[in-house]
*Asks:* 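First the structure, which I've put down as C-alpha cells, then a few questions once you've had a look.
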Amino acid sequence: VNRTEALELVKDSISRVVPGADLDALGPDDSFRDALEMDSLDFLGFIEALSSRSGVRIEDEDTRHLTTLSGTADFLVARAG
Amino acid sequence: MGAFTMPSLGADMDEGTLQEWLVKPGERVRKGEAVAVVETAKSTVEVECFESGTVEQLLVEPGTTVPVGTALALIAPFARAREARGGPDGTVEETPPRPEPRRAAPPSGTEAARAPTPTPARAHEHSEAGPLLRHLAERSGLEWEALHGSGPGGRVTRGDVERAAGAARPPRIRATPLAKRLAAELHVDLGTLRGTGTDGAVRAADVRSAAPGGATTPTPAHRAARPRAAEDRASARRQAIAALMTRANRDIPHYYLSTTVDMAAAMDWLHEHNRRNPVGERLLPAALLLKAAACAAREVPELNGFWVDGGFVPGDGVHLGVAVSLRGGGLVAPALHDADTLDLRQLMAGLKDLVVRARTGRLRGSEVSAPTLTVNNLGDQGVETVYGVIYPPQVALVGFGRVVDRPSAVDGLLGVRPVVTATLSADHRATDGAVGARYLTAVDRLLRNPEQL
C-alpha cells in the first residue's frame, strides 16, 4: 500500500463505523476518536474494518498509535511493507 | 383469537406510534417474531408477537399513535384458524366475536373498542401475572384489586387487564393516513367528522371541507413540518428521560457504594485472549465488566428485579440493561438477556449487536422492556466514577468508570496497576447497605479471577 491508499483505507474504515462522519473537517493530526465521539465499540469496529481491508493484523498494543489519520496511515504503510 | 396490543416498552411509556407493519393479513407469524415497528418517545422498536398464529386483521394504520394496551392486530392461533376454515358448519359460532368497527350503525359508547373474547388460559398468561401486569394496570388507570381474574386460581391475566383497559378507551376512529395527517395539520378533530370513504372512513376530502377556510393544499404545511421532526424527536426523548428520572429521584431513596477493583489480572487475560484470536473476536474490558456485573447479580438476587406495589419482585433471570448513548443525544438501556449464562464471546457479540441496533433504531420489544438490572459504563467518556440514578422499577444500577493506571499497594509493595471504580446505586426500600456491599465484593472477586468469567 502506498500512503494515499492507506489514508483512503483509514477514512473508509471510519465511515463504516460512523456513518456520515465529516472527514474533510478532520485535520491529519486531529484525534479522530475524540472529534467523532467514537466509543470503545466504535473504535473496535474501526480496527476490525481496517484490519480486514488492509490485511494487516492490528494488536491491542498497536491501537494507541492509531489516533490520527496521518498516524494510522503511517502505521499501515510500515506494517504492510 | 388473540389481540396483538401496543406493548409497554418501559416504565415511562404511555403510548406509542405504529410506524410500520412487518406482516400482512393472512401471513403466519411465530411467537417471538417481529411483527411491527413502534416508535416511542425514546426509540424505535421492533415489536414481537407473543403467540404463534395467522394474522387476521390489522386494526391500526401506520402513523397512528395509540395508548399502551390498544389492540393493534388480531392473530388467530393456528389450531383455531384451521378449525374456522375447515369446519363444515356451525364453527363460526365458536370463533369469538371480533370488534366490528365497520358496523353500519354508529357504535354506542365503548362497545366498538371492546377487546375480543380471549382464548381461555393462553400459555403465556401464566408466566405474566406479576409486576409487569400490575404496571400495565396502573398505567391504564385501573385499580388492581378491582380487576376480575379469569386465570387459574382467579389470577389476573394480561387479557383481563387489557379487557378492562379496552373498556375504558374511546372507540377508534377510522380514517385514511392522509386524512389523519391533514387533520393534525389543520387542527380538525377527526371524531367530529362524518366519513364518506369505505365503511364510513374519514377521507382527506372530509377533513379539508371541515377545516376552517375550506380546502387547503397540504403540501406547504407538510414540508414546513419536516425539519422540525428531528428536533421534536430529540426533545421528546429528553422529556421521556426527564419524566422517568424525576420519578426515580422522587420515589427511590438511593444509597451509594463504591469500590476500587484491581484489573491487572483481567486486563492481562483480555490482552492474551485478543492476541490469540482473530480481530473479529476481540473482547473489550466492557465485556468482562458486564459479565462480572451479571454473575454478581445472580449471587445477590436481592438487587436483580423490581420494586412493585411496596414489595420486591425478583427478576426471572439476569437481563442486564446496558446504557447506550445515542449519537443524537439521549440514551437507551436495552437488555442483554440472561447475561450471566453467556460466555464472554457470546456476550461481546450480543453487546456489539445491541449497540448497533440501539443506534440505528432497531431494538426489539423484549430488549427494551425487560432489564432487571442496568449497568452504566461511562469509561469511554473518561470519567472514573459513576453515581447513577436507578431506572424504575429496577432496584439498583451498577456503574463502571474508566480503567486507569494507578499506584497501588500489592503484597506490601507499591506498583502501578490498572484499576476500575465500581459503584452501586441501590434502592434502600428493597435492600440495605450490607446487601449492596455483598454485591460489589462479588464483582471485585469475579474480576480478579477473569478465567472464571
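Hydrogens, waters and symmetry mates are skipped; everything else that's a heavy atom, side chains included, is used. Proteins get letters first, then strands, A, B, ... in listed order; numbering begins at 1 in each.
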*Asks:* Who pairs with B:Asp268 by salt bridge (Lys or Arg N to Asp or Glu O under 4.0 Å), at least two apart in sequence or on another chain?
*Replies:* none
*Asks:* Identify which one of A:Glu37, A:Arg33, A:Met38 satisfies the side-chain contact (heavy atoms from CB on, under 4.5 Å) criterion when paired with B:Asp380.
*Replies:*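 Passing option: A:Arg33.
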*Asks:* Do any of residues 444-453 of chain B have a heavy atom less than 4.5 Å from a heavy atom of chain A, and if so, which, in residue order?
*Replies:* none
*Asks:* Identify which part of A:Leu50 has an atom lying under 4.5 Å from any heavy atom of chain B, answering side chain, backbone, both or neither.
*Replies:* neither
*Asks:* Using a 4.5 Å heavy-atom cutoff, which residues in residues 280-293 of chain B come close to chain A?
*Replies:* B:Gly280, B:Arg282, B:Leu284
*Asks:* Strictly below 4.0 Å, N to O, side chains only: are B:Arg359 and A:Asp42 in salt-bridge contact?
*Replies:* yes
*Asks:* On a heavy-atom basis, which atom in A:Leu41 and which in B:Lys352 lie closest, and how many Å separate them?
*Replies:*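 Looks like CD2-CG, 3.9 Å.
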*Asks:* Taking all heavy atoms of A:Glu61 and all of B:Arg275, pick out the closest pair and write down the distance.
*Replies:* OE2-NH1, 2.7 Å
*Asks:* Only pairs at least two apart or in different chains count here, so list each ring pair (Phe, Tyr, Trp, His ring centres under 6.0 Å) that has a residue in residues 347-377 of chain B.
*Replies:*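 Ring pair (Phe, Tyr, Trp, His ring centres under 6.0 Å) check on residues 347-377 of chain B returns no pairs.
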*Asks:* Please look at A:Asp34 and chain B and tell me whether the side chain, the backbone, both or neither of the residue comes under 4.5 angstrom of a heavy atom of that chain.
*Replies:*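 When you check distances to chain B, no heavy atom of A:Asp34 falls under 4.5 Å.
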*Asks:* Side chain, backbone, both or neither: which part of A:Ser40 has a heavy atom under 4.5 Å from chain B?
*Replies:* both
*Asks:* So do B:Asn274 and A:Glu59 actually touch side chain to side chain, heavy atoms under 4.5 Å?
*Replies:*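 Counting from C-beta outward, A:Glu59 and B:Asn274 never come under 4.5 Å.
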*Asks:* Can you tell me which portion of A:Leu44 sits under 4.5 Å from chain B's heavy atoms? Options are side chain, backbone, both or neither.
*Replies:*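 Just its side chain gets close to chain B.
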*Asks:* Could you check whether any side-chain heavy atom of B:Glu272 comes within less than 4.5 Å of a side-chain heavy atom of A:Asp60, counting everything from C-beta outward?
*Replies:*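 No - every pair of side-chain heavy atoms lies 4.5 Å or more apart.
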